[in-house]
Amino acid sequence: MRIAIVGSGPSGFYAAEAVQKKVPGVSIDMFERLHAPYGLVRYGVAPDHEKLKSVTKVFDMVAGKSGLRWFGQVELGRHVQLEELQQRYHAVVLATGAQGSKKLGVPGDDKPGSYNAADFVAWYNGHPDFRHLQFDLSGETAVVVGHGNVALDVARILLKPVDELATTEMASYALEALRNSNVRKVFVMGRRGPAQAKFTNKEVAEFEQLAGVTALARADELTLNDASQRELDSPAGDEARRNVALLSRFADVAAGAGNSRSVEFRFCLAPVRLEGNGKVTALVLEGTDLEGLPFKQEARGTGRFLAIPCQAVFASVGYKGVAPANVPFDARSSTVRHVNGRVVDESGVPQAGLYCTGWIKRGPTGVIGTNRNDSMETVATLFADLQAGPLVEPPVGDDIADLLRDRGVDFLDLQEWSRLDEFEKRMGARSGKAREKLVQRHEVRAALQAALDFH
Ligand SMILES: Cc1cc2nc3c(=O)[nH]c(=O)nc-3n(C[C@H](O)[C@H](O)[C@H](O)COP(=O)(O)OP(=O)(O)OC[C@H]3O[C@@H](n4cnc5c(N)ncnc54)[C@H](O)[C@@H]3O)c2cc1C
């Protein structure tokens, strides 16, 4: 049996792990469009959350098992087509994540100074596709719109003393830009209240420990309506309860409190437009009231507006999946259509041998570990299908590596990735960093040669 997995982020590796557990030594080929594996663990998770990145050791163990081949720099839809995989594998598992992000969607969000948080994150994490971006951090005030952990990552990275980031794997050009940054004040704001915020307590609490930064909130914005109080009092309200307690502490702090930099958490404010003649100079927001039953409350505009003078706005309003070519896709949820991981068309008809997992399956939610259960479900479906019917032999028996070579695709294998990995760590060590990521695609071959020369 041969299985193809497209994407080598957490969900791809967890799918491989689940397959290996069912059939040790099974032949698995993983395809990854970038020169490095690990998906958002490398290009999303904040560089100062180094411990979280150690999950890559688990992925390395999966990759090291016999039967698994990794093809770096091979993009589905570009270097290889889905039909070509289906001709060579009994099953194809799509684990391509959510490659797009949502815009703020208000007038003025295309002005210079208006950014997508997802782009900023990919840029400071050294993602090759985002290397060319520039973020103007010359102003003193930035606003991050969104109440999730990604919004908090962005706020923290904007405010954290650069010396503390300089030992991480953050891209050097980003460190340089942050060193020259004038940002002193960051607002984190969203349409709904503190009880509905999606960020986790651990991430909020980090702001209390941030050197030289005061964390602030406003007592009047932390007042809860009846429905929000009931949300907090319910068993599902544990995280929110602790968030509100923490934010209340921030509300007791006097603005300034001796620090030159601050983060201020704001609630029940919906972005209306970005102002500025040319560049962004202010974000206009409308106050909101929450209406509806607990856990179903909607933010409704109050007709009261305010403008926050700022020079940069980061929209952190969500990632979204991009349709892999020719795969049934639900544009509303930006996910592949599926039942328990089995890809189905609009009428629910299964697409033989085609599966999905991770963010492209369930949308951009959950932590890294959530992808493990998700992939286990998909793989259980895959094996149930294999047991239900006789295994259909793929029509073409040739090796995909030959096809890629014939096509002149400059793909990388696992050994080459581990040389790049070593190279990055060695380059990082020179300047006291965890690693110096190789960002530019055209540098990959030279780096591989340099790694060989070193040995
Ligand atoms: C900014 C940010 C911070 C986060 N921080 C944390 C955190 O601190 N803790 C935590 O637990 N979780 C965190 N997460 C969530 C976690 O990263 C995700 O749950 C997880 O990465 C999703 O896994 P995935 O495999 O579905 O997608 P991804 O990680 O995105 O992996 C998808 C992979 O597929 C590849 N790919 C895409 N298209 C193709 C194609 N056509 N051909 C070949 N390859 C392709 C991509 O290059 C990528 O490597 C964070 C997420 C973000 C966005």
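Read the numbers this way: they start at 1 and go in the same order the structure lists the ligands and their atoms. These numbers come from a predicted model, not from an experiment.
Checked for salt-bridge contact, Asp345 and Arg337 miss the test: no charged N lies under 4.0 Å from a carboxylate O.
Listed by number with element, the atoms of ligand 1 under 4.0 Å from a non-hydrogen atom of Gly358 are 26 (O). Residue-ligand proximity, Leu34 to ligand 1, at heavy-atom distances under 4.0 Å covers atoms 47 (O). Close contacts between ligand 1 and Val121 involve ligand atoms 1 (C) [criterion: under 4.0 Å to a heavy atom]. Near Asp153, meaning under 4.0 Å from one of its heavy atoms, ligand 1 places the atoms 3 (C).
Under 4.0 Å from ligand 1, the heavy atoms of Phe31 that appear belong solely to its backbone. With a 4.0 Å cut-off on non-hydrogen atoms, Asn149 does not touch ligand 1 at all.
Only one option out of Asn243, Val150, Asn149 pairs with Glu203 in a side chain to side chain contact (heavy atoms under 4.5 Å, CB included); it is Asn149.
One option in Trp359, Phe71, Tyr319 has a heavy atom closer to atom 51 (C) of ligand 1 than any other, and that option is Trp359. Of the candidates Gly7, Gly77, Gly369, Gly7 brings a heavy atom nearest to atom 34 (O) of ligand 1.
Considering only non-hydrogen protein atoms, atom 50 (C) of ligand 1 sits nearest to Val45 CG2, 4.5 Å.
Heavy atoms of Ala95 come nearer than 4.0 angstrom to ligand 1 in at least one pair.
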Notebook entry, point to check: What's the verdict on ring-ring contact (aromatic ring centres under 6.0 Å, His included) for Tyr14 and Phe59, showing C-alpha distance, side-chain angles and the deciding distance?
Noted result: CA-CA 8 Å; Tyr14 286 131; Phe59 302 154; 5.3 Å; yes
